[in-house]
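Working notes for the structure below.
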Amino acid sequence: MLRAQGTDVYVADIDEDGAAAVVAAASQGRGLSGRHDLATVDGPRQAVDAAISAFGRLDALVVCAGFLVEAELSDIAILDWERTIATNLRAPFPPGPGRC
Ligand SMILES: NC(=O)c1ccc[n+]([C@@H]2O[C@H](COP(=O)([O-])OP(=O)(O)OC[C@H]3O[C@@H](n4cnc5c(N)ncnc54)[C@H](O)[C@@H]3O)[C@@H](O)[C@H]2O)c1
């Protein structure tokens, strides 16, 4: 929708093929994508840097990467819990000076 309005869009997703498919269609705005694991400490910063590097500036973020384990709370493995928190909660937290 944004590209149809002429906006350049950088799609950052851990699913490289999926992200590429999102921007594959021709549109008014340019579309680029890259593989970024937003659950890592440096992932969000690297995604932002890649977008700025691609288009020269960044005006807005749509933070919609999400990780959801559908299981009883008692059955959720600790690594899945940590990935959930890292992806859904930490990744959108804006990195300040010295934090990233
Ligand atoms: N779809 C809904 O109706 C709905 C409703 C309420 C909340 N949500 C929440 O919104 C978020 C997005 O929902 P959706 O339906 O678009 O889900 P989705 O599964 O279609 O998309 C999530 C995207 O996040 C990407 N992703 C997952 N982990 C990542 C990581 N570590 N780094 C980078 N990318 C990663 C996935 O590859 C996928 O492309 C989820 O957290 C979901 O729980 C969705």
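We count ligands from 1, going down the list as the structure has it; atoms in each ligand are counted the same way.
- Between Asp13, Val63, Asp15, it is Asp13 that holds the heavy atom closest to atom 37 (O) of ligand 1.
- Among all protein heavy atoms, the one lying closest to atom 31 (N) of ligand 1 is Asp37 OD1, 2.9 Å.
- In this structure, Asn88 and Ala65 approach most closely via the heavy-atom pair OD1-O, 4.2 Å.
- Annotation: atom 29 (C) of ligand 1 to nearest protein heavy atom, Ile14 CG2, 3.7 Å.
- Under the 4.0 Å distance rule, the nearest protein heavy atom to atom 9 (C) of ligand 1 falls outside the cut-off.
- More than 12 heavy atoms of other residues, nucleotides or ligands lie within 6.0 Å of CD in Glu82, so this atom counts as buried by the packing criterion.
- In this structure, the protein non-hydrogen atom closest to atom 16 (O) of ligand 1 is Cys64 O, 4.5 Å.
- If you number the atoms of ligand 1 from 1 as listed, the ones under 4.0 Å from a heavy atom of Arg83 come out as 31 (N).
- Residue Leu73 places its CG atom among 12 or fewer non-hydrogen atoms of other residues, nucleotides or ligands, all under 6.0 Å distant.
- Closest non-hydrogen pair, Thr40 versus Asp37, comes out as OG1-O, 2.8 Å.
- Nearest heavy-atom pair across Arg3 and Val9 is CG-CG2, 3.4 Å.
- When all heavy atoms of Tyr10 and Phe55 are compared, the closest pair comes out as N-CE1, 3.8 Å.
- In this structure, Ala12 and His36 approach most closely via the heavy-atom pair CB-CD2, 3.5 Å.
- Within the 4.0 Å heavy-atom criterion, the part of His36 lying near ligand 1 is the backbone and not the side chain.
- Remark: atom 18 (P) of ligand 1 lies closer than 4.0 Å to no protein heavy atom.
- Protein heavy atom closest to atom 28 (N) of ligand 1, with residue, atom name and distance, is Thr87 CG2, 3.8 Å.
- Using a distance-only test at 3.5 Å, with no hydrogens or angles considered, no donor-acceptor pair links the side chain of Gln28 to the main chain of Gln5.
- Remark: ligand 1 atoms within the under-4.0 Å shell around heavy atoms of Ala39 are 31 (N).
- Within a 4.0 Å radius of atom 24 (O) of ligand 1, the protein contributes at least one heavy atom.
- For atom 21 (O) of ligand 1, no protein non-hydrogen atom is found at a distance below 4.0 Å.
- Proximity of atom 12 (C) of ligand 1 to the protein is indicated by at least one non-hydrogen atom lying closer than 4.0 angstrom.
- For atom 6 (C) of ligand 1, no protein non-hydrogen atom is found at a distance below 4.0 Å.
- Remark: atom 34 (N) of ligand 1 lies closer than 4.0 Å to at least one protein heavy atom.
- Residue contacts with ligand 1, taken as heavy atom pairs separated by less than 4.0 Å, involve Leu38 via backbone and side-chain atoms alike.
- Electrostatic pairing of Arg57 and Asp8 does not count as a salt bridge here, judged by no charged N lying under 4.0 Å from a carboxylate O.
- Nearest to atom 41 (O) of ligand 1 by heavy-atom distance, out of Ala65, Gly66, Ala86, is Gly66.
- When distances from atom 44 (C) of ligand 1 to the protein are checked, no heavy atom turns up under 4.0 Å.
- Contact record, Leu32 with Val23: O-CG1, 3.6 Å, taken as the closest heavy-atom pair.
- Checked by atom type and distance alone, the side chain of Arg83 never pairs as donor or acceptor with a backbone atom of Ala39 at under 3.5 Å.
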